[in-house]
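Counting convention: from 1, in listed order, for ligands and their atoms alike. Basis for what follows: all heavy atoms, side chains included, without hydrogens, waters or symmetry-related copies. All residue numbers refer to positions in the sequence shown, counting from 1.
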Amino acid sequence: MKKNILITGGAGFIGSHVVRLFINKYPEYQIFNLDKLTYAGNLENLSDIDKSENYTFVKGDITDGNFVFELFQKHNFHGVIHLAAESHVDRSISNPMEFIITNIVGTVNLLNACKTTWKENFEDKLFYHISTDEVYGSLGETGMFTEKTAYDPHSPYSASKAGSDHMVRAYHDTYGLPVVITNCSNNYGPNQFPEKLIPLFINNIKNKKPLPVYGQGVNVRDWLYVEDHAAAIDLVFHKGKTGETYNIGGNNEWKNIELIKKLCSIMDKKLGRNEGESAELITYVKDRAGHDLRYAIDSSKIKKELGWEPSLNFEQGLEKTVDWYLNNNQWLNNVVSGAYETYYKKQYGNS
Ligand code: NAD
Ligand code: DAU
């Protein structure tokens, strides 16, 4: 008998890489991908594996408690890897309620479904919650987030993720639900929706559009290639200790403006432009409200306890990412039409 595994948000950026990894690596699992297909969900992300025998797509909404419960009753999932979420900080600033409902209520619906269908027999079961380093707040010039850092979220997005993390831990402590949580730093790579810094800037450089740098561009993020995150998720799902939290990060801090200049230089080479041409598109715009200054993750626990290491350095990862977007024009053109144009105008004006 195959084990049924539920992955939520599998049509999104990180979720699609996790689904692909599990489909290819674990023929003994039947992978159910539950996704609402919001603006960020895209079945094209999975076109290479969607005919696989061990893959089932379910279109549905985690905020619909009855639907979630019936799905669990029908398929008796052994494990859940929960990635479905509203994930973009800027959108959370203009529409916080959607983040509360999807990220907190949606997560609690899944927890309730696990608790009820698994009843008191939690053996061999796992609810794995994918979270973010943003729950820890903002660092100054020094220091790193460890698993013991107190939560101090600042945006509606990070506050909603913090709320969902707390609910996951509450279900573990109160009902004994077997859970594990990981908090990861900024991911980049193929299939990321071009509202996030790297794909947005790749698309704008390609089209010679202004590059909207928030504030002075001095904010720092710790970047990790998405397939390295997916590999960490695989490891934690199979070897992580129930009730534990693991931080995941690239040990790869970049000031936004330095990263943007690097990206411009790579794109100049790839597009046959003169060195410095794309950097002329850099435009400083109004800062993001409540903009966290710096994130940096201490990943020593997952490295020491589970043996995880990122496989790519940033140069390699960024080149691979740029190549992917330049070679997948159709994917990019499909996602930047229609609703994206409306979003872009609202967020950045007519620039
Ligand atoms: P994404 O926005 O690309 O994808 C989210 C997916 O969830 C989409 O496919 C969307 O359709 C689906 N979804 C949204 N609401 C849903 C609902 N109500 N019911 C069912 N499906 C729904 O997000 P991502 O960047 O791939 O992030 C995935 C997860 O990883 C999120 O939980 C996010 O908080 C977390 N995370 C992201 C990063 C990052 O850098 N992107 C870093 C750390 C953690
Ligand atoms: O740290 C993990 C988080 O990383 C995830 O939990 C989130 O889901 C993910 O969206 C990401 O959040 P950030 O806010 O760090 O990512 P974003 O790509 O939106 O922005 C990265 C940095 O670039 C941030 O300092 C803001 C800045 N920025 C972003 C955009 C979109 C700009 O200067 N201009 C822009 O247009």
Side-chain angles (χ1 to χ4, degrees), residues 7-19 33-43 45-46 58-64 67-68 81-93 98-99 101-103 105-107 109-110 129-136 138 145 153 155 157-158 160-161 164-165 182-189 191-201 204 210-224 226 229-230 233 248-249 254-257 259-260 282-288 291-297 344 347-348:
I7 299 181
T8 71
F13 167 48
I14 303 170
S16 61
H17 289 274
V18 176
V19 167
N33 170 15
L34 167 60
D35 199 296
K36 183 182 171 184
L37 300 182
T38 66
Y39 76 93
N42 185 351
L43 289 178
N45 293 346
L46 293 165
V58 181
K59 184 169 189 296
D61 188 340
I62 58 167
T63 70
D64 179 344
F67 161 78
V68 170
I81 306 179
H82 174 38
L83 296 111
E86 286 295 334
S87 69
H88 190 39
V89 174
D90 292 328
R91 289 187 195 249
S92 82
I93 294 168
E98 212 165 326
F99 284 69
I101 294 171
T102 298
N103 297 357
V105 176
T107 300
N109 280 335
L110 291 163
H129 180 61
I130 308 297
S131 192
T132 169
D133 60 357
E134 299 200 10
V135 297
Y136 297 123
S138 183
F145 299 132
S155 72
Y157 163 68
S158 54
S160 69
K161 290 296 289 188
S164 64
D165 292 12
T182 50
N183 296 82
C184 188
S185 64
N186 286 62
N187 285 215
Y188 70 100
N191 307 97
Q192 188 169 29
F193 193 80
E195 63 188 348
K196 310 279 166 61
L197 181 76
I198 291 181
L200 188 142
F201 277 40
N204 284 15
L211 305 177
V213 179
Y214 294 159
Q216 300 302 306
V218 294
N219 305 68
V220 175
R221 296 293 183 266
D222 174 358
W223 295 93
L224 178 69
V226 62
H229 187 189
I233 290 173
I248 306 169
W254 283 79
K255 218 173 244 186
N256 288 342
I257 192 63
L259 161 54
I260 290 159
I282 291 173
T283 312
Y284 292 92
V285 300
K286 189 167 173 273
D287 206 355
R288 174 185 276 175
H291 198 172
D292 287 334
L293 178 67
R294 176 173 164 257
Y295 304 144
I297 275 275
Y344 198 93
Q347 180 66 23
Y348 300 102

Item to check | Option of least heavy-atom distance to atom 22 (C) of ligand 2 (set: I14, I297, N256, V89) | outcome: N256

Next on the checklist: Whether the side chain of D292 engages the backbone of R294 through a donor-acceptor N/O pair (distance < 3.5 Å, no angle test) should be reported.
Outcome noted: no

Checklist entry - Quick one: which ligand 2 atoms are inside 4.0 Å of a heavy atom on N219? => result 25 (O)

Checklist entry - Got the closest protein heavy atom to atom 18 (N) of ligand 1, with its distance? => result D61 OD1, 2.8 Å

Next on the checklist: Please check: side-chain N/O of K161 versus main-chain N/O of N183, any donor-acceptor pairing under 3.5 Å?
Outcome noted: no

Checklist outcome for this item: Closest to atom 21 (N) of ligand 1 among protein heavy atoms sits K36 N, 3.1 Å

Checklist entry - Taking both backbone and side-chain atoms of H229, is any N or O found less than 3.5 Å from an N or O belonging to ligand 1? => result no

Item to check | Identity and distance of the protein heavy atom lying nearest atom 20 (O) of ligand 2 | outcome: R288 NH2, 3.9 Å

Next on the checklist: Please check this pair: side chain of S185 against backbone of D222, looking for a donor-acceptor N/O pair closer than 3.5 Å.
Outcome noted: yes

Checklist outcome for this item: Near D133 (heavy-atom distance under 4.0 Å), the atoms of ligand 2 are 1 (O), 2 (C)

Checklist outcome for this item: atom 15 (N) of ligand 1 sits nearest the protein heavy atom T102 CG2, 3.5 Å

Checklist entry - How does N186 reach ligand 2, if at all, at less than 4.0 Å between non-hydrogen atoms: by side chain, backbone, both, or neither? => result both

Checklist outcome for this item: Heavy atoms of N204 and P210 approach each other most closely as ND2-O, 3.0 Å

Item to check | Validation row: H82, I130 side chains within 4.5 angstrom (heavy atoms) | outcome: no

Checklist entry - What is the nearest protein non-hydrogen atom to atom 37 (C) of ligand 1, stated with its residue, atom name and distance? => result I14 CD1, 3.4 Å

Next on the checklist: If you define the side chain from C-beta out and look only at heavy atoms, does anything of E134 sit under 4.5 Å from V89?
Outcome noted: yes

Checklist entry - So, does S16 sit close enough to ligand 1 that a heavy atom of it is under 4.0 Å from the ligand? => result no

Next on the checklist: Below the 3.5 angstrom mark, is there an N/O of C184, backbone or side chain, next to an N/O of ligand 1?
Outcome noted: no

Item to check | Heavy atom of Q347, distance to ligand 2 below 4.0 Å | outcome: no

Item to check | Parallel, tilted or perpendicular: ring planes of H17 versus F13, cut at 30 and 60 degrees | outcome: perpendicular

Checklist entry - Would you call T8 a ligand 1 contact, heavy-atom distance under 4.0 Å? => result no

Next on the checklist: List ligand 2 atoms under 4.0 Å from V213, heavy atoms only on the residue side.
Outcome noted: 33 (O)

Next on the checklist: Under 3.5 Å, is there a donor on one side chain and an acceptor on the other for H129 and T107?
Outcome noted: no

Item to check | Residue selection (non-hydrogen contact nearest atom 6 (C) of ligand 1) among S164, G9, G189, G15 | outcome: G9

Checklist entry - Can the ring centres of F193 and Y39 be said to be less than 6.0 Å apart? => result yes

Checklist entry - Who gets closest to atom 15 (O) of ligand 2 by heavy atom: R221, Q216, H88? => result R221

Next on the checklist: Check for me whether A11 has a heavy atom closer than 4.0 Å to any atom of ligand 1.
Outcome noted: yes

Next on the checklist: With heavy-atom distances below 4.0 Å as the criterion, list the atoms of ligand 2 near H291.
Outcome noted: 24 (C), 25 (O), 26 (C)

Checklist entry - Does ligand 2 have an atom under 4.0 Å from some heavy atom of K161? => result no

Checklist entry - Any idea which protein heavy atom is nearest atom 28 (N) of ligand 2, and the distance to it? => result Y214 CD1, 3.5 Å

Item to check | Identity and separation of the nearest protein heavy atom to atom 25 (O) of ligand 1 | outcome: F13 CD2, 3.8 Å

Checklist entry - Would you say L34 and ligand 1 have an N/O pair spaced under 3.5 Å apart? => result no

Next on the checklist: Show me which atoms of ligand 2 lie under 4.0 Å from any heavy atom of S185.
Outcome noted: 1 (O), 2 (C)

Checklist entry - Among protein heavy atoms, which lies nearest atom 3 (C) of ligand 2, and at what distance? => result E134 OE2, 3.0 Å

Next on the checklist: Between ligand 1 and T63, is the shortest N or O to N or O distance under 3.5 Å?
Outcome noted: no

Next on the checklist: Parallel, tilted or perpendicular: which one describes the rings of Y214 and H291, with boundaries at 30° and 60°?
Outcome noted: perpendicular

Checklist entry - Among all protein non-hydrogen atoms, which one is nearest to atom 44 (C) of ligand 1, and what is the separation to 0.1 Å? => result S131 O, 3.2 Å

Next on the checklist: I'd like to check which ligand 2 atoms, numbered from 1 as shown, lie under 4.0 Å from a non-hydrogen atom of Y157.
Outcome noted: 5 (C), 6 (O), 7 (C), 8 (O)

Item to check | Sub-4.0 Å atoms of ligand 1 with respect to non-hydrogen atoms of I130 | outcome: 30 (O), 32 (O)

Item to check | Closest contact, heavy atoms only, V68 versus N109 | outcome: CG1-O, 3.9 Å

Checklist entry - Which atoms of ligand 1 sit under 4.0 Å from any heavy atom of N186? => result 40 (O)

Next on the checklist: Is there a polar contact, in the sense of an N or O pair closer than 3.5 Å, between Y39 and ligand 1?
Outcome noted: no

Checklist entry - Going by the order shown, which atoms of ligand 2 are within less than 4.0 Å of some heavy atom of K196? => result 10 (O), 18 (O)

Item to check | atom 18 (O) of ligand 2: nearest protein contact (heavy atom, Å) | outcome: L197 N, 2.8 Å

Next on the checklist: At less than 4.0 angstrom from any non-hydrogen atom of E195, what atoms of ligand 2 do you find?
Outcome noted: 31 (C)

Checklist entry - Please walk me through it: do E86 and R91 pass salt bridge (charged side-chain N to carboxylate O under 4.0 Å, His left out)? => result CA-CA 8 Å; E86 286 295 334; R91 289 187 195 249; 5.9 Å; no

Checklist entry - Between I233, L83, I297, V135, which one has a non-hydrogen atom sitting closest to atom 28 (C) of ligand 1? => result L83

Checklist entry - At under 4.0 Å between heavy atoms, which part of N103 makes contact with ligand 1: side chain, backbone, both or neither? => result neither

Item to check | atom 8 (O) of ligand 2 [closest protein heavy-atom partner, distance rounded to 0.1 Å] | outcome: S87 O, 2.7 Å

Checklist outcome for this item: shortest atom 34 (O) of ligand 1-to-protein heavy-atom contact is with Y157 OH, 2.6 Å

Item to check | Nearest atoms (heavy-atom pairs only) where G9 meets A84 | outcome: N-CB, 3.6 Å

Checklist entry - Taking heavy atoms and a distance under 4.0 Å, where does K161 meet ligand 1: side chain, backbone, both or neither? => result side chain

Next on the checklist: Out of S185, G41, S87, S158, who is nearest to atom 42 (C) of ligand 1 when you count heavy atoms only?
Outcome noted: S185

Checklist outcome for this item: closest protein heavy atom to atom 5 (C) of ligand 1 is A85 O, 3.5 Å

Item to check | Donor-acceptor pair, side chain of D35 and main chain of G60, under 3.5 angstrom | outcome: no

